[in-house]
Amino acid sequence: MIDIDPSDILVRYNVKMEKEMTPEEAAEDLYPKDSTVYPIAKAIFEGEEDDVVEGLEKAIDSGKDPISLIDEALMVGMRVVTKLYDEGVIFLPNVMMSADAMLAGIEYCKSQTSEVPEPKGKVVCHVAEGDVHDIGKNIVAALLRAAGYDVVDLGRDVPVDEVVAAVEKENPLMLTGTALMTTTMYAFKEINDKLMEKGYRIPFACGGGAVNQDFVSQYDLGVYGEEAADAPKMADFIKEHGDNIVKLREQFHRH
Amino acid sequence: MIDIDPSDILVRYNVKMEKEMTPEEAAEDLYPKDSTVYPIAKAIFEGEEDDVVEGLEKAIDSGKDPISLIDEALMVGMRVVTKLYDEGVIFLPNVMMSADAMLAGIEYCKSQTSEVPEPKGKVVCHVAEGDVHDIGKNIVAALLRAAGYDVVDLGRDVPVDEVVAAVEKENPLMLTGTALMTTTMYAFKEINDKLMEKGYRIPFACGGGAVNQDFVSQYDLGVYGEEAADAPKMADFIKEHGDNIVKLREQFHRH
Amino acid sequence: MPVTRCTKMAYASADEMVFGKAVKPVKAGLGLEIGAGYTTPEVNYAPRPEAGESKEKLVKEYERITTDIMARMVQIGAPSVVLETEHVQQMSNNPEWGAAVAHAQKTIMEDYHDEYGIKCALRHTIGDIRESREYLELRGGNKYNVFMEAFEQCAQNGADMLAVESMGGKEVFDYAILRNDMPGVLYGIGVLGSMDMEMIWQDIASVAKKNNVIASGDTDCAQANTAMFIAGGLLDKNLAHTLAIIARSISAARSLVAYEAGAVGPGKDCGYENSIIKAIAGVPIAQEGKTSTCAHSDLMGNLTMQCCDLWSNESVEYHGEFGGTTVQCWAETLAYDCALMNVALDSGNEKMLRDMLAASDMYRDAQGYVLAYQNAYRVGQAIAKDGNDIYLRAKNAALESIKIVEEGARGKLELSRFESKALADAKAALEALTDDKEQFMSDCLTKYKEEVKVFKPENYGLK
Amino acid sequence: MPVTRCTKMAYASADEMVFGKAVKPVKAGLGLEIGAGYTTPEVNYAPRPEAGESKEKLVKEYERITTDIMARMVQIGAPSVVLETEHVQQMSNNPEWGAAVAHAQKTIMEDYHDEYGIKCALRHTIGDIRESREYLELRGGNKYNVFMEAFEQCAQNGADMLAVESMGGKEVFDYAILRNDMPGVLYGIGVLGSMDMEMIWQDIASVAKKNNVIASGDTDCAQANTAMFIAGGLLDKNLAHTLAIIARSISAARSLVAYEAGAVGPGKDCGYENSIIKAIAGVPIAQEGKTSTCAHSDLMGNLTMQCCDLWSNESVEYHGEFGGTTVQCWAETLAYDCALMNVALDSGNEKMLRDMLAASDMYRDAQGYVLAYQNAYRVGQAIAKDGNDIYLRAKNAALESIKIVEEGARGKLELSRFESKALADAKAALEALTDDKEQFMSDCLTKYKEEVKVFKPENYGLK
Ligand code: B12
Ligand code: B12
């Protein structure tokens with residue numbers, strides 16, 4: 001083998017840029033100080049389902065309302081996670097594990113009362129007809145759930161009419177589509193046209209390897225998303241600013 | 001330098017494929033046997049203007065009609081040239097030089113009579129607005145002339161409206177456009193739309209580096225041509241089979 | 001076909017491995033020999049979306065693609081070329097579509113071969129269509145029949161080489177990789193993936209034998225490449241690159257099964273595990289890297305050339321560029337890359353070039369470091385050592401790759417703190433595992449049946 | 001700026017020339033030094049057609065392009081990058097458009113430089129807008145003023161390097177090349193082209209100096225590249241490749257004028273004459289080849305790398321591919337090519353790699369043979385020998401290239417009969433020419449004024 005000085009050839013920008021703080025330290029700064037909420041938020045961050053449930057038990061024992069804990073403890077913990085992910089401090093698997101823990105927590109809270117939590121909003125997710133590449137969609141769905149949205153996951157290789165039917169049935173605030181093949185992404189156009197024909201005007205967030213902004217811009221409801229993390233941001237944007245497609249594109253179209 | 005055996009790295013397909021016959025031998029086989037026509041055809045092939053005129057002089061002296069010589073000697077010689085170019089036996093500069101010689105011959109014939117030769121048909125050529133790359137167009141124009149067509153060459157960087165005006169004025173059997181930049185080729189669409197609007201339905205042959213078949217297929221009159229030599233073939237096709245764009249595309253679209 | 005496990009290395013030392021030469025070269029198609037002393041471009045392409053509308057349109061599209069490539073190759077004097085057609089689902093689900101495409105392509109290739117003498121071969125990669133909306137449907141039933149029929153018909157109609165990117169184990173893998181669960185990755189790729197491959201490759205090899213074509217190979221695209229893509233570039237934050245390389249190393253133990261079950265190579269381009277496999281099995285391999293940026297980005301663009309026999313662009317959508325159609329552009333770039341390698345081979349400088357290619361990327365991240373040929377060879381040894389135990393050899397591969405990265409990190413390979421931590425966690429989890437295959441399998445069966453709702457053990461003949 | 005003719009070689013021998021190192025390296029932009037021991041990718045791009053509609057759209061398009069490239073470069077760990085913006089006509093005809101684009105691009109590049117420390121620089125290539133519908137309008141008048149204003153404004157607003165592909169002589173060249181008229185080619189490129197360059201480059205160098213940016217270089221794109229494209233691939237029948245290389249050799253004598261009039265390099269990517277120029281002037285050069293197939297096909301994809309300092313993709317339209325946007329894909333491929341060259345430089349193997357690159361293509365056709373560095377060097381010597389006489393040096397270059405091809409043909413360079421005949425005819429025509437510049441100029445003036453109706457001697461201050 002020949003001997004080289006790697007720094008003449010390449011720069012490890014990730015190593016160079018790594019934050020001084022560890023993820024744990026960064027999270028510590030963000031946890032709420034409240035002593036009942038703190039351990040729950042921390043357990044969410046750490047992705048420890050058992051600790052989450054344990055924390056919730058204690059909080060409920062101390063008189064907290066199970067349903068309000070969803071917003072005041074679980075979501076608070078999850079927001080720490082999302083913030084640190086957006087900042088590049090933690091990685092996706094941490095988010096996934098936190099999401100698992102949070103969902104376990106929600107289930108537990110619901111099991112402790114007959115009240116029903118007020119839903120944040122529904123999103124329908126699917127992978128285009130003819131396409132089996134679904135891990136991207138799975139991430140999208142997980143991140144949406146982690147942000148508190150109700151996800152109706154239609155799976156992969158979903159026929160156009162089923163997608164349209166699901167929108168009619170579920171009345172979601174947003175539809176997402178994933179396609180990794182140029183041969184399958186055209187289904188999005190069809191879905192768009194059928195939705196338009198039936199008078200639906202909901203944002204149709206589209207992403208996945210094959211899909212690009214130019215393509216998505218070609219149909220009325222399309223909003224292109226590059227990363228899975230854009231999906232919950234889009235949903236949040238819709239909740240905050242309404243479902244104006246032009247504004248969504250202004251916000252999320254980067255190319 | 002290191003020593004290699006080139007045949008391990010590459011194949012000189014041109015050398016391998018070269019025809020046994022020299023171009024001169026191949027041409028000899030094709031010249032008409034008629035002793036007045038033969039020297040003219042040969043002079044055309046050789047691109048020798050003086051010899052062409054000399055041959056014509058002799059033919060006229062021997063009683064031939066100057067105008068009929070255009071078709072019966074000059075064009076015959078030029079067809080030998082075109083055939084050998086199509087077969088890959090001779091190269092473009094030979095065609096250009098033959099075309100120069102033929103045009104000199106036509107001028108001479110015309111100067112020997114007050115008759116006017118029956119025109120074969122007119123073609124308007126141009127380079128798209130904003131684009132200065134014109135050598136491709138020059139070749140196209142030269143090959144069309146060599147095939148006997150009357151060429152109205154509008155030059156380069158020609159505004160859309162001037163192209164449309166030229167079509168209205170000249171009433172050509174075909175329009176050609178050349179564009180080498182993606183930013184300029186869009187002018188073709190505009191020209192197409194304006195022509196359509198005014199009721200013109202003539203084939204609009206488009207070529208040049210930036211242009212591709214997909215793009216040209218997007219507007220009604222467009223026919224894509226890959227090589228300059230396609231232009232006279234298209235004109236011939238129109239004269240023989242009419243100006244049906246679908247048929248032209250069937251014939252000339254290869255991708 | 002019987003399965004013969006690899007328990008020895010095909011090469012006595014890593015240094016013997018170079019591009020363009022394989023211990024077991026493969027003759028294919030029209031005058032071509034792969035791994036016999038020269039490299040050849042392997043051009044890949046995807047039809048334009050509109051072309052999928054009908055069989056006629058699709059055939060026409062592939063005809064254009066084929067003609068474009070062949071025409072460009074003779075224009076620049078390239079001596080040889082391979083075309084790889086990765087089926088779009090229509091072509092595998094309707095085997096006669098795939099057959100029609102293969103026939104149309106081969107006809108054009110034969111014309112070029114006859115006219116110019118250009119050496120060429122056609123690879124068809126059948127889509128792994130064994131799944132329904134919810135679940136994989138890997139064995140038995142109509143899907144499996146159509147799947148095999150697709151191989152058969154392509155083989156009969158012009159395809160010279162058969163390949164697939166099979167999906168066994170992916171339901172478990174997908175769940176595990178998004179949770180840093182490396183034992184789960186080991187189970188998905190190393191155990192379930194290998195079991196599935198053993199089944200299908202015996203069948204594919206039989207089809208190939210019957211039709212006198214080449215059973216070429218498989219790739220762990222569904223898993224190791226998913227990990228690599230999720231890991232992404234240096235600044236992506238979706239997966240530690242130190243975990244992606246563990247998945248990759250495990251995948252070598254899996255993709256090797258094709259050759260144990262009758263395939264002879266060339267391995268598929270996107271199998272970044274192929275250097276390891278070449279070291280063990282001596283088969284020629286296709287690789288992709290800096291000249292497949294049209295299809296994806298990776299961190300070892302040069303390194304993957306180190307011992308390739310075919311050099312591929314992975315895939316590019318067919319459309320126009322200033323320089324011609326995409327397939328022409330990328331085919332030409334590949335051809336020049338191959339010309340450089342062939343000059344090196346011709347002039348005796350192949351090892352020098354190989355070492356420079358490897359050095360270019362082995363410090364770019366942990367993945368390149370482990371896949372650099374001398375380290376890849378070590379992973380191969382770890383696999384061959386317990387070649388008869390699909391579990392143990394995959395676990396060995398994982399642990400060896402961890403060891404290699406640790407060594408690297410003590411030298412010139414920089415790791416971020418985050419990458420080091422992920423590596424240490426993975427090491428602890430993997431070292432804690434049993435050495436007993438049956439034990440591991442039954443533990444995993446219980447665990448993942450519960451956690452992964454789409455996991456159906458029947459797909460692997462389990463329970 | 002005064003003109004100083006090159007009458008000596010910058011390199012004592014051909015063997016001293018390698019990629020990544022120039023006798024006179026050039027510092028430019030943000031932390032970059034070109035020709036100082038490493039190679040750098042130079043990424044080129046063309047906006048999508050729709051983007052040209054308004055200034056705002058165009059600026060936005062270039063912002064996206066710039067961000068995409070910079071983002072990909074840091075993702076793969078590339079240490080340096082150059083962006084070249086070749087003006088679309090709107091940007092040169094409206095100098096404030098060009099300025100706005102330069103400013104927008106530079107702002108993004110500064111952000112990346114600040115955040116990641118990536119070395120980078122921005123080249124703006126102004127369009128040579130000095131022509132009207134019918135004629136060239138090379139000197140004086142409003143076109144010339146706008147032309148210079150475009151350089152000025154780009155320099156003031158962020159462009160680190162100024163370049164142009166100037167067109168002097170092209171009206172005569174176009175006529176001559178289509179008629180195998182090599183004396184006409186010599187007149188168009190060697191005499192008229194050089195005269196025009198002398199004028200504009202003194203002015204461009206002054207603008208650069210005033211604004212403290214780099215006057216980089218010119219290329220004979222308008223002529224030698226037109227000849228190369230018309231000559232095309234091995235099977236094209238539009239021009240003998242043996243004539244294309246004569247035009248190319250002459251173009252070296254022409255493009256050299258930039259450096260004699262104050263430019264310092266890096267020479268422009270599409271100047272295939274740059275190896276010759278580097279030999280004479282010692283300036284760093286950009287080159288393109290196997291990684292610019294997006295823009296065109298050529299027969300020396302590897303060879304052009306032999307002594308490049310920047311490595312370019314020439315141009316690609318901005319649009320999406322599976323692997324990202326086109327600019328990202330091609331930038332990445334370039335970056336890996338550069339990494340390989342940089343490994344060679346770092347490990348002392350650069351001459352070996354250079355020789356392999358040259359060997360790859362020097363027998364592919366006559367063009368590669370003459371441009372292989374040791375032969376390119378000889379053409380350089382022929383030019384420098386009579387460096388003070390722009391006619392004689394161009395004629396020398398032509399004759400030397402013919403001699404080199406003849407020698408090659410006695411060895412491993414195969415020529416078709418047709419190529420040999422064209423070469424012999426050209427040799428006879430060129431050898432018959434006078435050695436007296438004034439005589440040649442006045443003969444040509446008479447001849448081409450008559451034959452080429454668009455030739456206006458005033459454009460060159462003649463008659
Ligand atoms: C892994 C893989 C597979 C696996 C799939 C495993 C799985 N679990 O999904 C297997 C092996 C099964 C497979 C099969 C095939 N594949 Co495949 N595959 C890939 C590969 C290598 C990686 C895909 C991947 O997992 N990426 C990682 C995920 C996380 O990325 P992602 O889905 O794009 O999602 C990210 C973003 O896009 C975003 N996102 C996704 N959706 C959405 C939605 C919204 C709303 C938002 C905001 C964001 C968003 O979030 C994610 C993270 O940020 C790609 C290569 C590539 N360049 O992409 C090829 C690729 C997609 N496959 C390809 C092909 C051709 C095939 C096959 C036809 C091959 C064959 N002949 O067998 C079959 C097709 C089967 C079918 N009918 O679908 C081609 C497609 C070419 C084309 N025509 O367009 C690709 C591009 C490879 C190539 N370059 O040739 N493949
Ligand atoms: C030479 C050249 C120039 C010369 C032009 C000289 C001349 N006499 O025309 C000069 C230096 C002036 C020049 C200037 C520029 N150029 Co320029 N140029 C080229 C180059 C290298 C070769 C073009 C050429 O002559 N080809 C040979 C001819 C014969 O080919 P052709 O015209 O395509 O014609 C053939 C066929 O297409 C066909 N054909 C043509 N028309 C038709 C019509 C019909 C009906 C048919 C059937 C056939 C047909 O016949 C011919 C032979 O078969 C190309 C590179 C390339 N890849 O094409 C760039 C190129 C066209 N230029 C380019 C650019 C960007 C420019 C500049 C903006 C650069 C600058 N910043 O200065 C300016 C633009 C000025 C302007 N406003 O137009 C880009 C365009 C990119 C884009 N946006 O699309 C290209 C593609 C280079 C690149 N890859 O970057 N250029």
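Note on naming: letters A, B, ... go to the chains in the order of the sequence lines (proteins, then strands), and numbering restarts at 1 for each one. Heavy-atom basis, side chains included; hydrogens, waters and symmetry copies ignored.
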A.B. asks: Please classify the contact of D/Y116 with chain C as side chain, backbone, both or neither, using a heavy-atom distance under 4.5 Å.
C.D. replies: side chain
A.B. asks: Given that the side chain runs from C-beta out, which part of D/D361 has a heavy atom under 4.5 Å from chain C: side chain, backbone, both or neither?
C.D. replies: side chain
A.B. asks: Tell me the closest heavy-atom pair linking C/S297 and D/E332, and the distance in Å.
C.D. replies: OG-OE1, 2.7 Å
A.B. asks: Using 0.5 Å steps for rounding, measure from the CG atom of D/N349 to the CG atom of C/N349.
C.D. replies: 9.5 Å
A.B. asks: What part of C/D236 lies closer than 4.5 angstrom to a heavy atom of chain D: side chain, backbone, both or neither?
C.D. replies: both
A.B. asks: Can you tell me which of D/C294, D/A359, D/G77 forms the most heavy-atom pairs within a distance under 4.5 Å of chain C?
C.D. replies: D/C294
A.B. asks: Do D/Q328 and C/T293 touch side chain to side chain, with heavy atoms closer than 4.5 Å?
C.D. replies: no
A.B. asks: Below 4.5 Å from any heavy atom of chain C, which atoms of D/S315 appear? Answer side chain, backbone, both or neither.
C.D. replies: both
A.B. asks: At a 4.5 Å cut-off on heavy atoms, which part of D/D298 comes close to chain C: side chain, backbone, both, or neither?
C.D. replies: both
A.B. asks: Could you tell me which portion of C/N342 (side chain, backbone, both or neither) has an atom closer than 4.5 angstrom to a non-hydrogen atom of chain D?
C.D. replies: neither
A.B. asks: Do C/H319 and D/E321 pair up side chain to side chain, a donor and an acceptor below 3.5 Å, judged on atom types alone?
C.D. replies: yes
A.B. asks: Once rounded to the nearest 0.5 Å, what's the spacing between atom CG of D/L234 and atom CD1 of C/I76?
C.D. replies: 8.5 Å
A.B. asks: Report the option among D/G301, D/S360, D/S292 that has the most heavy-atom pairs separated by less than 4.5 Å from atoms of chain C.
C.D. replies: D/G301
A.B. asks: If we define contacts as heavy-atom pairs under 4.5 Å, which of C/G233, C/A344, C/G324, C/A71 has the most with chain D?
C.D. replies: C/G233
A.B. asks: Looking at every non-hydrogen atom in both residues, tell me the closest pair between C/M356 and D/L353 and how far apart they are.
C.D. replies: CE-CB, 4.1 Å
A.B. asks: At a 4.5 Å cut-off on heavy atoms, which part of D/A46 comes close to chain C: side chain, backbone, both, or neither?
C.D. replies: side chain
A.B. asks: Shorter than 4.5 Å, heavy atoms on both sides: which option in C/V74, C/L334, C/T291 has the most such pairs with chain D?
C.D. replies: C/V74
A.B. asks: For C/A339 versus D/N302, what's the shortest heavy-atom pair and its separation?
C.D. replies: CB-ND2, 3.9 Å
A.B. asks: How close do C/K290 and D/Y336 get, counting heavy atoms only, and between which atoms?
C.D. replies: CB-CB, 3.5 Å
